[in-house]
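Please read the structure below before turning to the comments.
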Amino acid sequence: MMTVIHAPAPARQRVILAAVCVAALAMPLAFSGGAVATPAIGRDLGGDPAALSWVTNAFMLAFGSLLMAMGTLADRFGRKRLFASGVTGFALSSLALGFAPTITAVDVLRGIQGIAAAATLAGGTAALAQEFDGDARTRAFSLLGTAFGIGLAFGPVLAGALIAAFGWRAVFATGALAGALSLIFGVPRMRESRDPHARRLDWPGTATFTGALTCFTWALIDAPSHGWTSRPVVLLFAACVAFLLAFARIETRTARPMLDVSLFRYPRFVGVQLLPIATCYCYIVLLVALPLRLIGIDGYDELHAGMLMIALSSPMLVVPLIAAALTRWMSAGTISGIGLLIAAAGLHALGRALHSGAGSAAIAPMLIIGIGAGLPWGLMDGLSISVVPKTRAGMATGIFSTTRVAGEGIALAVVSACLAAFAQISLHAAMPHASAPAIAAAAARLATGDLAHAASMLPDAARATLETAAHKAFDDLLDGLTVITVLCALAVFAFLSRVRVQDEPIGADAGERRDGSSTPAAT
């Protein structure tokens, strides 16, 4: 049994906060680092485009679909226990990834890593909520958000440096190290806490929700290779619809649902859910798609690709703090909408800068995208609990966190499918007499940045033809992302332009405290 270390309260709290932040730091590293490592994994272990797509999607799918369920388990069985279990699982799966012999093993372990990450985040944030109160709690969660920002900002360059020096397996050693540090120094100092009135886990709701996300993601990943009307893809989409219908039926009939659909009666709550969706398409997907292009199509090595990515991710270190300061003069909804329009302008400029290949011209547009996405990024957690009754704040943050993480997984699958489809259109136009299956297979490879295998599937195609198709596909993708971001910005202005983070939640009495949520939103 692990020994509990008794230390003075402030010192103990600082160590616990540091341990949770270190664990949180490892999650964006696992996300962005895995994306940078994917080309190297493909060169070493092989695998078709679908298998390589699961390197990132397996982690995000498991993480997003189980985050809300893990929050329930933390309240029911103990926050410390769930955090310790999650950190242990994350460290062991990260260590095992360093020895994975096949691409299938990598994909399976990435899914396990995502499950452990969900347990770690849910248990860690709930534990911090028990350790800190008032302004100290606000500062603690600000530091947690900063840890995420650091992971996003420096994950690609750290991954690139590790791959250049030691190979792709070293990327996952960071997760094992972070997990070990949190487990050794943080867990023994934590106090166990649970909610005696916690609801039971909605197992049917969790299963059907996860099933729907899995089938939808799987269908999007397989569609470029098998065809959108192929029997396996159609069956997967049909299964997704069946799971969604079952989920809706379960959640409207159960006494303690995982997802309280009545919250969607609040238009402002619907508007808040657009913010993580928008940042998925204007920012998060680029953390995966851009390294694949830079390394696989433009010929950058992992280290230099990671260094170029800093232009995109580094604004997340400071812009969210600026956004919080701007709320003194403008509503959070207006700031968020303006940020999305800035990001859309950056996406449009990036398409022009990348038109003939990547280079220094892409740095300014990437900075603009990062600045624009950073404005809503620092405000949307607060908004998620400002637009619902105070007594529903816990459920609201759970839905918001799930929308954010699950939306990232779906967005990645959508972007991969679109890239393959756009590349296929370009290849058909350039090589009208080539066989359709060969073009589809080559396009799927181009979508993952695998130019060498794409060339082997179309031996008559010149390298310039394949590069042009890949560049054209990425241009079309950026155009689509620009349109999505602008539409989300307009919807945010319509739903949220008058909402401030400081506003009392809808339905709150003037004399009630605002901290009605048992678990603050995870950044």
Short side-chain to backbone donor-acceptor contact, [X] and [Y], under 3.5 Å:
X	Y	value
Ser182	Val20	no
Arg169	Ala100	yes
Asp301	Leu303	yes
His226	Asp222	yes
Thr217	Thr214	no
Arg110	Leu97	no

Close side-chain approach of [X] and [Y], heavy atoms under 4.5 Å:
X	Y	answer
Val36	Ile295	yes
Thr174	Leu158	yes
Thr448	Thr38	no
Phe237	Leu220	yes
Glu302	Leu162	no
Asp476	Leu419	no
Val414	Ile410	yes

Identify the two heavy atoms, one from Ala344 and one from Thr482, that lie closest to each other, and give their separation to 0.1 Å.
O-CG2, 3.6 Å

Just distance, no hydrogens or angles: give the donor-acceptor pairs under 3.5 Å from side chains in residues 277-289, sequence neighbours left out.
from: Thr279; atom 1: OG1; to: Leu275; atom 2: O; distance (Å): 3.1
from: Thr279; atom 1: OG1; to: Pro276; atom 2: O; distance (Å): 3.0

Give, for atom CG of Leu244 and atom OG1 of Thr208, the distance between the pair rounded to the nearest 0.5 Å.
8.5 Å

In this structure, CG of Leu451 is separated from CZ of Arg445 (nearest 0.5 Å) by 12.0 Å

side-chain hydrogen bond (donor to acceptor under 3.5 Å, both in side chains) with Trp54: which residues, sequence neighbours excluded?
none

List the atom pairs, donor and acceptor, that lie under 3.5 Å between side-chain atoms in residues 308-320 and the rest of the protein, sequence neighbours left out.
from: Ser313; atom 1: OG; to: Leu152; atom 2: O; distance (Å): 3.4
from: Ser313; atom 1: OG; to: Ala153; atom 2: O; distance (Å): 2.9
from: Ser313; atom 1: OG; to: Met309; atom 2: O; distance (Å): 3.2
from: Ser314; atom 1: OG; to: Ile310; atom 2: O; distance (Å): 2.8

Does the pair Phe63 and Leu121 meet the rule for a side-chain contact (heavy atoms from CB on, under 4.5 Å), with working shown?
CA-CA 9 Å; Phe63 190 14; Leu121 182 60; 3.8 Å; yes

